[in-house]
Q: 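Let me give you the structure first, and then I'll get to my questions.
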Amino acid sequence: MMRLMSTITTRGAWVAALLLGSVQACTKLDEVPQSSITPGTFFNNEAEALAGLSGVYAQLRGAFPGYCCAYYVLSEISTDEMVVPTRGQDWYDNGRWLEMHRQTWSATSPSGLQDINSAWVNDFTGIANANVVLSALQSRTIMDSTKQAGVIAELRGLRAFYYYQLMDLFGGVPVVTTTDVQARARESRDSVFKFIESELLAARTNLPATRDAANNGRMTKGAVDAILASMYVNAGVFTKDGGSFSGTTYNSCAGITVAGGLDACQAAVNRADSIILSTAGYALADTFVKNFRADNNLSPENIFVVKFIAQDGLGFPFLQTTLHYNQFSAAPWNGFATLAQTYTAFDTLNDRRTKIFLVGKQFNVETGDSICERPGCAKGAPRLIFTPSIADVTQATEGEGVRIYKWPYDPKHVAQNNGNDFAYFRLAEIYLIKAEAELNGATATAPGGASALALVKAVRARSFAADTLSAVDRNVVLRERLFELAFEAKRRQDLIRFGQYTAAWQFKTAGTDNLTLMPIPQTQRDANSKLAQNPGY
Amino acid sequence: MRLVRYVIPVLALFVLISQPLSAQGGTGSVRGQVSDSVTKQGLPAATISIVGTQRTTQTAPDGSYTLTDVPAGTAVVRVTLIGYAPQQQSVAVTAGGTAEVQFGLAPQASLLEPVVVTGYGSQRREAITGSVSSINPAQANVGVTTNVTQMLSGRAAGVDITQNNGEPGAGAQILIRGGSSISNTNDPLYVIDGVPINNVATEPPSMSGVVGTPPLPRNPLNLLNPSDIASITILKDASATAIYGSRAANGVVLIETKKGTTSGGPSIEYDSYVAASSPAKRLDVLNGTEYRAYVQSQVPIWRADSTACAARPACATGYADSSGAFGGLKPSALSGLGAANTNWEQAVTRTAVTHNHNLSFSGGNEDTRYRASLNYMKDQGVALSSGLERIQGRLAATHQALSNRLRLGVNVTTSRVNNQYLTFENTGGFEGGVFQNVAIFDPTQPITVTDATGTHYYEGGGSSVRNPVALANQLIDQGQTTRTIGNATAELDFAPGLTGQVTVGLDHASGGRQIYYPKANPIGNALGGGVARQYDLDNATRTLQTLLTYRRETGDNSFDIVGGYEYNKFKSNLFMAEGKGFFTDAFSFNNIGAATTRTDSSGAEQSLLVSFLSRANVGFKNKYFVTGSMRYDGSSKFAVGHKWSLFPGLSASWHLSDEDFMRSSPFSDLRVRVGWGVQGNPGIAAYSSLLLLGAGSGGSYPWGDAPQTGVAATQNPNPNLKWERTAQYDLGVDFGLMSNRLTGSAEYYVKNTSDLLLSITVPQPAVSETELQNVGKLRNRGIELSLDALAISRPTMTWRAGLTFSADRNRVVDLGPYASGLTSGGVSGQGQSGQVSQLIKKDLPLGTFYGPVFVGVDAQGKQLFQCTAATAGCTNGRTTNGLGPAAADYQVIGNANPDFTLGFHNQVTWRKFDLSFLVRAVLGQDVFNNTALVYSTKGNALQGKNFLKPALTDPTGLHEPAIYSSRWVEGGSFVRLQNITLEYALSLPMLRSVQSARVYVSADNLLLLTGYSGLDPEVYASSGLASRGIDYLSYPRPRTVTGGLRLMF
């Protein structure tokens, strides 16, 4: 070998050295992304901080069908307000829609791995994005310090709201305020409750009472108060881990101590009063529908909303889930419907019945044209009819099931993107929360109405020609919440608080107490071995 | 520019230090003739070389040759020619004298190049130690061949090609030895003339996430004209591919293009063909009459139930349409029926014509050689509005100077490929694409209707049903790529055997895409009154290679070593503009400014790959060969501290038949090989290890009524992200019997892939649900056999036959935290969202079908599934509760991997006739017939949709949804006559300038034997993680007949 090698001339060796030497400079492999950003080079001024904040708000859309889907879908379809029948070939989808309605999910079932998992991921993604921006803003001042404090308060408020949804669905979850990704155990539900409460209280200080039109939709003191009021009235559930509250009796807020040493029911009343008396000037809209139309950003009733506009990827697509294929120009999916028993619970005097349901002969909501099950409805051809009854939920026809038309289409819609905002909290609910808290023993206060009955009647006034309600108890409040807040992602929470969530209703048999908390999806337990499962799964 | 900075000084230096090496002792000449030992006829184009020197020439048409400038002394003259055993003889050359050497070559079984390119060099076939398959391009370029991938099909053991679908120039899934990755690419590395190709899509993507699934990308290698290919070599095992290190885990395909030649003087070749194709098989749907009869037979059932119901109180309520409880179809179904009888499949398909023209000329002298070629191809698809057009030019020139010590070469290929796509040609999902609608669109409806507003397409189909003819004709989706691959090489001998080489390459592709969904079509209208998009994608790869080779051959011993450096820089830029809402369709995609709303986006990506490589081959006594190689690769895509990795390879072979103790054995040739090596797979996106914030609509949010552009983190960082590594062991035996009239090889391999790159669900909170991590292990084991026989060798007739066989078994050895497995293979169709068909799990092969076991249909027409007592509502092991199957009862219900694959190619020459055919067989695999699942259910009629005929006699109820189960997983074994070609050599004595004229007819996909009930069992699943064997209804595969002519002047 050496003999062979020696024949290489010195000249050759010199060239070899040169060939290799010339390339030394070409071994740098640093990466600098060009069309995306790394956090280390970002969040240096107000505009960049607001861009980060916007990204955290954007995650609110993820609760709705058409985006990610989960919180909304779980809060509605698992209750007596909504069902998604299998219609011929349509909407079978591995049985997950019926599984959700029948509450037969598990950590590994189709809806467990899809919808329940999506809910977990969606809310935590909001939290993680908030943490990324917060960690940048909390380490240095990059803008006017009052403004920066305001942005930080918004981020903390939003993060608390994502935790609120997780606590509602799953109970205790890991509480994380840093950006590192690692396996962490679940906190108790009560300590998550206390974390959310303290974060909201801290954020409240630096939030404004109201926003100008250009900033409509951003966090306010009112939004924080509303979330807190909801937490307090649900405190009988929200402070208790699975198995330690009842699935079949009313879970009162009375006797639970919250921040400031207050009884939770009283704290709920205080928060309600704070909203009613707010300088933001919240008031019940003069008509019910004003809260849901495309121009509902003008409603004085809305307190905390998810903003939608008629633009690709930024609109409210709820109509797609429920309207018949031929009813709207964006070709909806003919899915979500209401149970006959829920539809008939609305009496005929209740004006809201005609405002939120579609039943009987159908028209195109946009053009008013008569429609049939097939397009090109010839004269004399049978019309599309929505019927309250669904004979067989596994084999429904196209017309079965009452449809939900609470959010009318936006005349400026772009395809399925409507500009209607979705209110998580509006004043009507605050009245009902206050009434319920008073019925649970909290001191009656003047704002909104002197008594629980007055509060409930205040909400009902615009929906009845002559309201004959003369007495109120908790069950009246629950019924009123159904009438007023149907399809606003409240029903699951309400039924659990009232101990009625696991009861039997149409297409569903009675279930066990453990169903009041969702299972931790197996995917998440695989990823994080420290996550304990909820009892009964 | 940076490259140029380095290259120019190096090249200048070459010239400066180059002085002629002094000729020692003068030179002489060698001449003689090479002939066939059977026919005794002269053999043209045989390569004559003097061992240990660069002196080489080719024989003239009569087999004669002359080599001048041969150093005086004992020269070893070697002759090699495809189809013959190589020979060498020693001869004494005197200064100024002429020695004579005659050769008589014996024909052999295999038609393979005697010298094999091995990457950064070449070797004699006998000296190869790794696992290498070669394909004879002349044999493989038959019928309509659009790209090099199609030429690999069925001709090399262990190389499985599945074309995505039947569209012209379709992309393909290529698995060499079963693939090595779950989530990364399984495509091999393609190296054209020594320069690795960045084989990514050069055309911008189609519109995705809108209404339907976009068409699959076509094969990026459509840029290369198959007629320009001189040789194809596939490096399969790790010892062979290790020299390509990080990019070689899936094998390497080395393509050499044709170069100029001096034998026989300048020549002109022209070849041309015209082909006609039509769909090989048609969907068995109900025709208009049958569909009408079915609907009419179902309405009385509903009426009877309705009458019976009316007597019951439940039916008497205000809204008495309890129709779901009734059997049959509602009377309204009758009013939906039309009067036409349309065969939608015939309406969207056609007999397509393809034509192809090649013109090339080549020539030169001892010092300068050139070859130029032009290609025009127009390939119409068998479906309306689809096709491919290619215009390509290629120039290859070599020049030698300084007494053949400096060799320069330039290769430039430039091509323009125009693709016309069918907008929704593949898995249609909910809305349904062109072929889905062929299956479901009401056959009683006409294609067009004329009313007060004029003649227009009938669109009364209903929900998620679209007139397929309108889809094909009205929706425009087209793309085009202009791609230029150029490289220049300079090679200089510094000393005898010591050669330096510099290659610079530029691969630039400029791709465009134009899409318009007009408002005249319901899809375009629903998306906001017409949608137009234009994309621009610019990909550029710059390559610099510097190599230093030392090669020495003395008698039976040989030694060569190569060391080098390679630098690759990949850059891509994408720009997209979209307009929605047009007041007219007249602009098509050409005037996005006229849209009501406009959006645009852009992005850029850049990555680097830097390598140091070396390899040494040692041959001892022409019997023992050892190869060692080492490559040190750095990729910018991995995390800091994990960017560099070492990829070694080692292999040896022993030429047993040359040993004395084997002299009396029946083997004319016998060799054993062993090899080991490690390779990588860098097929991940740039910046994969970083925490990224993305700006786009996902992070935008309206405050007030104005959307605020926001940022949201889009990717979790992984500071430990590193290479996926595949270690492979290979054991091979090559043998020849009966003077190599029968040759073959057998191989066994084990491939262990570790540090699999998988998107792993991470603990929340995290900005993204998953993170790319190195977890998991995959193992492939397999056997490959290939046999070549020269069955008949007579002066008037020869028959060569070749057989390839391979069997691969893959298994997931470890899947990190996914103990319960990962799902893949999404089911497509209405009511199937979220449904998956496959499971990736420890100890199971990739491509395992997993789902409920179908046991029958009950009296009510409900499907029953196997279950266990633990499941609610399970009686006697069958589901009874109407809830459908439970996830807990899912089982393994099939395996998409074949037991083995076979290729059988034949070439028979009889006088002036030449007959060749290729048969391919793939046996033992299961296919999930997604098409049957969703389209052979009578329930389609509930929504006024047609269905496949077998459903008529099926007991499944009208109202029963389509449920994925073992019922839809079928055996997919098949035998296909891939191609058969008959060629005839014309005598044209009146045209003296014509050296040869041949005419041929060829048929592709003439015969398919299978028990599979769908269109074609050869299916490709594009979606998601490593899914295989799912028959999504897609573009039909054609049957093609070609007639062609080859002329040589």
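Just so it is clear: chains get the letters A, B, ... in the order the sequence lines come, proteins before strands, and each one is counted from 1.
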Q: Taking all non-hydrogen atoms of both residues, which atom of Gln34(A) and which atom of Ala604(B) are closest, and how far apart?
A: OE1-CB, 3.7 Å

Q: What part of Lys938(B) lies closer than 4.5 angstrom to a heavy atom of chain A: side chain, backbone, both or neither?
A: neither

Q: Which atoms of Asp705(B) are under 4.5 Å from chain A, going by heavy atoms: the side chain, the backbone, both sets, or neither?
A: both

Q: Angle class for the Tyr701(B)/Tyr57(A) ring planes (parallel below 30°, perpendicular above 60°, tilted otherwise)?
A: parallel

Q: Determine yes or no for a side-chain-to-main-chain donor-acceptor pair under 3.5 angstrom, with Glu31(A) supplying the side chain and Tyr687(B) the backbone.
A: yes

Q: Would you please say whether a donor-acceptor pair under 3.5 Å links the side chains of Glu769(B) and Asn117(A)?
A: yes

Q: Asn940(B) versus chain A, heavy atoms under 4.5 Å apart: side chain, backbone, both or neither?
A: both

Q: Go through the steps for Thr38(A) and Leu692(B) under the test side chain to side chain contact (heavy atoms under 4.5 Å, CB included), then give the verdict.
A: CA-CA 5 Å; Thr38(A) 47; Leu692(B) 293 181; 4.0 Å; yes

Q: Would you check, one step at a time, whether the test side chain to side chain contact (heavy atoms under 4.5 Å, CB included) holds for Gln830(B) with Arg87(A)?
A: CA-CA 10 Å; Gln830(B) 195 180 28; Arg87(A) 302 178 188 275; over 6 Å; no

Q: Checking Tyr325(A) against Gln943(B): is there a side-chain donor and acceptor pair closer than 3.5 Å?
A: yes

Q: Whether the side chain of Asp93(A) engages the backbone of Ser833(B) through a donor-acceptor N/O pair (distance < 3.5 Å, no angle test) should be reported.
A: yes

Q: Donor-acceptor check, side chain of Asn129(A) to backbone of Ala712(B), threshold 3.5 angstrom: yes or no?
A: no

Q: Of the backbone (N, CA, C, O) and the side chain (C-beta and beyond), which part of Leu691(B) lies under 4.5 Å from a heavy atom of chain A, both, or neither?
A: both

Q: Would you say Thr761(B)'s side chain and Asp526(A)'s backbone share a donor-acceptor pair under 3.5 angstrom?
A: no

